[in-house]
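Chain identifiers are assigned alphabetically (A, B, ...) following the order of the sequence lines, protein sequences preceding nucleic acid strands; residue numbering begins at 1 within each chain.
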Amino acid sequence: MLFDYTPKLKYDIIIMDRNKELARMFDTLADALEFLGENPFKIRAYRKVARFLESFPEDIQKFYEEHGIEGLKSLPGVGEKIALKIEEYLKTGTFQKYEEVKSKVPDGILELLQIPGIGPKTIKKAYDELGVRNLEDLERVIESGELARLRGMGPKKVENIKKSIELYFKMQDRIPLGEIYPFVESLRKWLAESEYVEAIEVCGSYRRRKETVGDIDILCISTHGHKVIDKFVNHPDVTRVLAHGDTKGSCIFNDRIQVDLRVVPRESFGAALQYFTGSKQHNVHLRTIAKQMGFKISEYGVFKDNVKVAGEKEEEVYGILGLDFIPPELREDRGEIEAAMEHKLPRLIERKDIKGDLHVHSKYSDGTATLEELAQKAIEMGYEYISVCDHSRSVKYAGGLTIEKLREKNREIERINEKYGKKILLKGAEVDILQDGTLDYPDEVLKELDFVIAAIHIWSKYEDVTERIIKALRNPYVHSIAHPTGRLIGKREPYNVDIEKILHVEKEEGKFIEINANYERLDLNDVWSKRAKEIGVKLTIGTDAHQIGQMWMIELGVYVARRGWLEKDNVLNTLNSEEILKILKNRR
DNA sequence: GCCGTTTTCGGCCCGACTGTTTTCAGTCG
């Protein structure tokens, strides 16, 4: 096994977020209409607004209260009809069209539509001709052979549908980027060993550094496509081959992750790279613009009057349309195309800009590394400093430090810094925000620290923690807030917290907010990070590493920052040791 | 259902692979 996989039970999550719930309703509406055979462009319009809502950082309810129905109509992809539907939802909790269409399609059918490999046409046929209304029915007609006898069906198709169903239950969730990273890098190397591969690049959401990936797209240059694809489908971890052609192969690895490999000639590599990196929304937008300008973009190049005018380099694809090169992390159709047109893209922060890790645990609390080991790791990684933020005294389960223990640790930090002749370790703490919003150490103790990051670790399910966090931010000794929403990707929803409100208090108090770079957290996420930048709040990036071996995840934090349009100046720990210490001191 | 530097109507990205076909439909990304 290249990575561990524990099957997860399907469960319904409580959706507190109106934007997400509304997005889900539009998606369901689109699914249902697809089944009913409605105009595909109308369906696309619903999906488009669903994608928009998912990444819209403002609460749609508040937006509506402030800007009214005209405001809604100004949003991309929202016209008269959809604006009315949103308004109706905000007032009543649902909208008529949704209820009406949903009532025409059995819930079991809606679930079947989620299974990749079985589309609306097939499901409709099975429904009309065999009365299939849910998964159970479908499995029954597969076994009885009835499905295979339908026109257009056959034994192979049915076999594939059967396998798709099996796989659907194994591949429920997207995989966190940080979890799949080592696997993808090893696969990339393994493929690159082939004498027929001239160049190779991983594309898709992986290249865009999205927080989770659904599948992996790999692109390579070769003049012997079938040889490369042959090698690929014969990888020892392949458990199912979905496609095996001359330019495209598609496999499931370890019954868990789909990997698609495409082979293109050198002269098309840039265009293919652009195309397979996506996102879908970005590409549709880009192609629409190209078309208006008289170009046609495909994965083979950019064409004008059937003459190829660009394609070998990705930069050319954007360049020929008059756009600046758009870094993959920005390609979500969140305004990057317009910005590239006006030459106003941000100059994104890079990994090398990071001068230190601001959130690392040591053996003093629940980490495994000694302070000496952390200091050495800092040097190995080229850092100027690491802020050692162990837990505070109330967090008993994580070995929270008593005041005496904290002071003992501070003395050891001083000894180590003296030995290295510089402040390589900062005296830090991840201080708990208690139930009443006060902090877990008194001010006179916090005063002795270089960097204080406050965090919530204990909360009750329906509690709104916003005021607790705001109270903590008002404390003059707090610098930043750790993992501000508390979400764990795919495992735990955020706690009930109003980040927009918190960001405004942050701005007022001149405080910072964390991008926690742990692969399960990535918290703040990209969308909120972008919002922080807009409001004018700087961010701190920390790995929350509990072992030395987790400190590489700072990369993941940088990816979130890049996806959030952040520049070097938006992140505190791009400053050198002297600058950062001065600022941390002055913020009190 | 949205949208406008061709447009308030008529477009809406484009191609590979598979399985069933004998010229194409379905699905995916």
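In this structure, A/Lys296 reaches the sugar-phosphate backbone alone: every heavy-atom distance under 4.0 Å involves primed, P, OP1 or OP2 atoms, never a base. Contact annotation for A/Ile118: backbone-only contact, meaning every heavy-atom pair under 4.0 Å involves sugar-phosphate atoms and none involves a base. The residue A/Gly117 sits close only to the backbone: its heavy atoms come under 4.0 Å of sugar-phosphate atoms, none of a base. Counting non-hydrogen atoms under 4.0 angstrom, A/Pro116 reaches the backbone sugars and phosphates but no base.
With rounding to whole Å, A/Leu84 atom CG is found 10 Å from B/dG1 atom P. For A/Glu299 and B/dC14, the CD to P distance is 11 Å, given to the nearest whole Å. Per the geometry, NZ belonging to A/Lys308 stands 17 Å off P belonging to B/dC14, to the nearest Å. Atom-to-atom, CE of A/Met153 to P of B/dT18 comes out at 17 Å; the value is rounded to the nearest Å. Look at OH on A/Tyr98: it is 17 Å from P on B/dG1, rounded to the nearest Å. Taking atom CD of residue A/Glu338 and atom C1' of nucleotide B/dT5, one finds them 15 Å apart after rounding to whole Å. Between the NE2 atom of A/His285 and the P atom of B/dC14 there is a distance of 15 Å, rounded to whole Å.
In terms of position along DNA chain B, the nucleotide closest to A/Ile43 lies nearer the 5' end than the nucleotide closest to the other residue of the pair A/Ile43 and A/His244. Comparing A/Lys125 and A/Arg287, the nucleotide of DNA chain B nearest to each residue sits closer to the 5' end for A/Arg287.
At least one cation-pi condition fails for A/Lys533 and A/Trp528: the charged atom is not both under 6.0 angstrom from the six-membered ring centre and inside a 45 degree cone around its axis. Because its NZ or CZ atom is both nearer than 6.0 Å to the ring centre of A/Tyr206 and within 45° of the ring axis, A/Arg209 counts as a cation-pi partner of that residue. A cation-pi contact, defined as under 6.0 Å to the ring centre and within 45° of the axis, is absent between A/Arg18 and A/Phe56.
For the OP1/OP2 pair of B/dG19 and a distance below 4.0 Å, the side-chain nitrogens and oxygens of A/Asn160 include at least one atom meeting the criterion. A sub-4.0 Å separation between OP1 or OP2 of B/dC17 and a side-chain N or O of A/Ser250 is absent. Applying the 4.0 Å criterion to OP1 and OP2 of B/dC12, one finds that A/Thr288 has every side-chain N and O outside that range. Between A/Lys42 and the phosphate of B/dG1, there is a side-chain N or O to OP1/OP2 separation shorter than 4.0 Å. The side chain of A/Tyr300 places an N or O atom within less than 4.0 Å of a non-bridging phosphate oxygen (OP1 or OP2) of B/dA16. For B/dC3, neither phosphate oxygen OP1 nor OP2 lies less than 4.0 angstrom from any side-chain nitrogen or oxygen of A/Lys81. Within the 4.0 Å cut-off from OP1 or OP2 of B/dC2, not a single side-chain nitrogen or oxygen of A/Lys73 is found. Listed pair A/Arg44 / B/dC13 meets the phosphate criterion, a side-chain N or O lying under 4.0 Å from OP1 or OP2.
No donor-acceptor contact under 3.5 Å links the side chain of A/Asp217 to the base of B/dG29.
Ring centroid separation for the pair A/Tyr98 and A/Tyr89 does not come in under the 6.0 Å cut-off.
The nucleotide B/dA25 finds its pairing partner in B/dT18, both defining distances of the Watson-Crick or G-U wobble pair being shorter than 3.5 Å.
Closest to the side chain of A/Lys280, out of B/dC12, B/dG26, B/dG29, is B/dG29. If you check B/dG1, B/dG29, B/dG26 against the side chain of A/Asn39, the one that comes closest is B/dG1.
Minimum heavy-atom separation, A/Val228 to A/Ser222: CG2-OG, 3.5 Å.
Relative orientation of the A/Phe253 and A/Phe232 rings is tilted, given thresholds of 30° and 60° on the angle between their planes.
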